[in-house]
Amino acid sequence: FRATKQNVFPDYGNTYPSNLADCMFAAAANWQTIVLGTTPPEKQVETEYLAAAASSSSGVDEDLFLWWWSTKGIGNVTVSGWTLLSQINEERIKAEIRQHRAVFAVFTFHHNATIAGQHVEPGGHAAIIDGYTATGPLVVTWGHTYQMTWGEYWKSINSIRAITR
């Protein structure tokens, strides 16, 4: 299943390794592209992140991020919230992705963690999952779609959420 055929996305200053700690804002913009069919301007999303964050090298916590997206908007879009989704097994995750077209994923990467075999730095990271194959989820982050394995997913996933408008 794949919600979009698009494989390259604006990176919103969130490249690997990232020069801005704006992964949540970049993920929100990617969600809009996939689900709503609108692509927010990169400069606008970067400016909104910098207005919300304490500094360009720190991310925003989930509460502040959701408050910002639901009251001020990201890329001219506001949402009403998000719902934590069940991850009891691979089939349930696939069903959630099919139902919502794109889910907001929060990862906690540990030492030696990878996405698509590419090593990532330890820490938290937000991204969008917009599909899956037998190999694993298709993750949109850092301006591209990455084929993650199910093993990589289970080692690093913290939560997945559905966005409500």
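Only this structure's heavy atoms are used, side chains among them; waters, hydrogens and symmetry mates stay out.
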So, for [X] and [Y], which heavy atoms are closest and what is the spacing to 0.1 Å?
X: Ile157; Y: Ala105; result: CD1-CB, 4.0 Å
X: Ala126; Y: Met24; result: CB-CG, 3.7 Å
X: Gly13; Y: Asp22; result: C-OD1, 4.1 Å
X: Gly81; Y: Leu66; result: CA-CD1, 4.0 Å
X: Ala26; Y: Val45; result: N-CG1, 4.5 Å
X: Ile160; Y: Ser86; result: CD1-O, 4.3 Å

Are [X] and [Y] side-chain neighbours, meaning at least one heavy-atom pair lies under 4.5 Å?
X: Pro10; Y: Thr39; result: yes
X: Leu85; Y: Gln99; result: no
X: Glu152; Y: Gln147; result: no
X: Ser70; Y: Thr78; result: no
X: Met148; Y: Thr135; result: no
X: Gln6; Y: Ile34; result: no
X: Phe65; Y: Asp63; result: no
X: Phe109; Y: Glu121; result: no

Could you tell me which residues satisfy ring-ring contact (aromatic ring centres under 6.0 Å, His included) with Trp31, sequence neighbours excluded, listed by chain and number?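 Listed in chain order: Trp69.
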
Restricting to ring-ring contact (aromatic ring centres under 6.0 Å, His included), what partner residues turn up for Tyr49, sequence neighbours left out?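 Checked Tyr49 against ring-ring contact (aromatic ring centres under 6.0 Å, His included); matches are Phe25.
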
Evaluation steps, side-chain contact (heavy atoms from CB on, under 4.5 Å), between Ile93 and Tyr132: CA-CA 9 Å; Ile93 296 164; Tyr132 58 85; over 6 Å; no

Between His144 and Phe9, does a side-chain contact (heavy atoms from CB on, under 4.5 Å) hold up when you go through it step by step? CA-CA 6 Å; His144 298 279; Phe9 295 79; over 6 Å; no

Do side-chain atoms of Thr33 reach the backbone of Ala29 as a donor and acceptor pair under 3.5 angstrom?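 Yes: the side chain of Thr33 pairs with the backbone of Ala29.
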
If we count only N and O atoms by modelled type, under 3.5 Å, do the side chains of Arg161 and Ser159 hold a donor and an acceptor together?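 Arg161 vs Ser159: donor-acceptor pair found between side chains.
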
Taking atom types as modelled, is there a side-chain donor on Gln44 or Asn76 under 3.5 Å from an acceptor on the other? yes

OG1-NZ distance between Thr145 and Lys5, expressed to the nearest 0.5 angstrom: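 Going from OG1 on Thr145 over to NZ on Lys5, the span is 13.5 Å.
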
At what distance, to the nearest 0.5 angstrom, does CG of Asn30 lie from SG of Cys23?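 Result: 11.0 Å between the selected atoms.
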
With Glu96, which residues qualify under salt bridge (Lys or Arg N to Asp or Glu O under 4.0 Å), at least two apart? Arg92

Decide side-chain contact (heavy atoms from CB on, under 4.5 Å) for Leu138 and Tyr146; before the verdict, give the C-alpha distance in whole Å, the side-chain angles of both, and the deciding distance to 0.1 Å. CA-CA 6 Å; Leu138 297 165; Tyr146 294 90; over 6 Å; no

Step by step, would you call His110 with Ser156 a side chain to side chain donor-acceptor pair (under 3.5 Å)? CA-CA 7 Å; His110 302 285; Ser156 298; over 6 Å; no

So, are Asp130 and Arg101 salt-bridged, with charged N and O less than 4.0 Å apart?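 Salt bridge absent between Asp130 and Arg101.
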
Report, as yes or no, whether the 6.0 Å neighbourhood of atom NZ on Lys94 holds more than 12 heavy atoms from other residues, nucleotides or ligands.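 Result for NZ/Lys94: enclosed.
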
Please verify the inter-ring angle class for Tyr153 with Phe107; under 30° counts as parallel, over 60° as perpendicular, anything in between as tilted.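 Geometry flag for Phe107 against Tyr153: perpendicular rings.
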
Could you go step by step and tell me if Val77 and Leu36 meet the side-chain contact (heavy atoms from CB on, under 4.5 Å) rule? CA-CA 10 Å; Val77 170; Leu36 304 179; 3.9 Å; yes

Given the rule in the side chain to side chain donor-acceptor pair (under 3.5 Å) test, do Glu46 and Asn14 qualify, once you have shown the distances and angles that lead to the verdict? CA-CA 9 Å; Glu46 291 174 31; Asn14 190 263; over 6 Å; no

Please step through side chain to side chain donor-acceptor pair (under 3.5 Å) for the pair Thr164 and Ser80, ending with a clear verdict. CA-CA 6 Å; Thr164 53; Ser80 62; 3.2 Å; yes

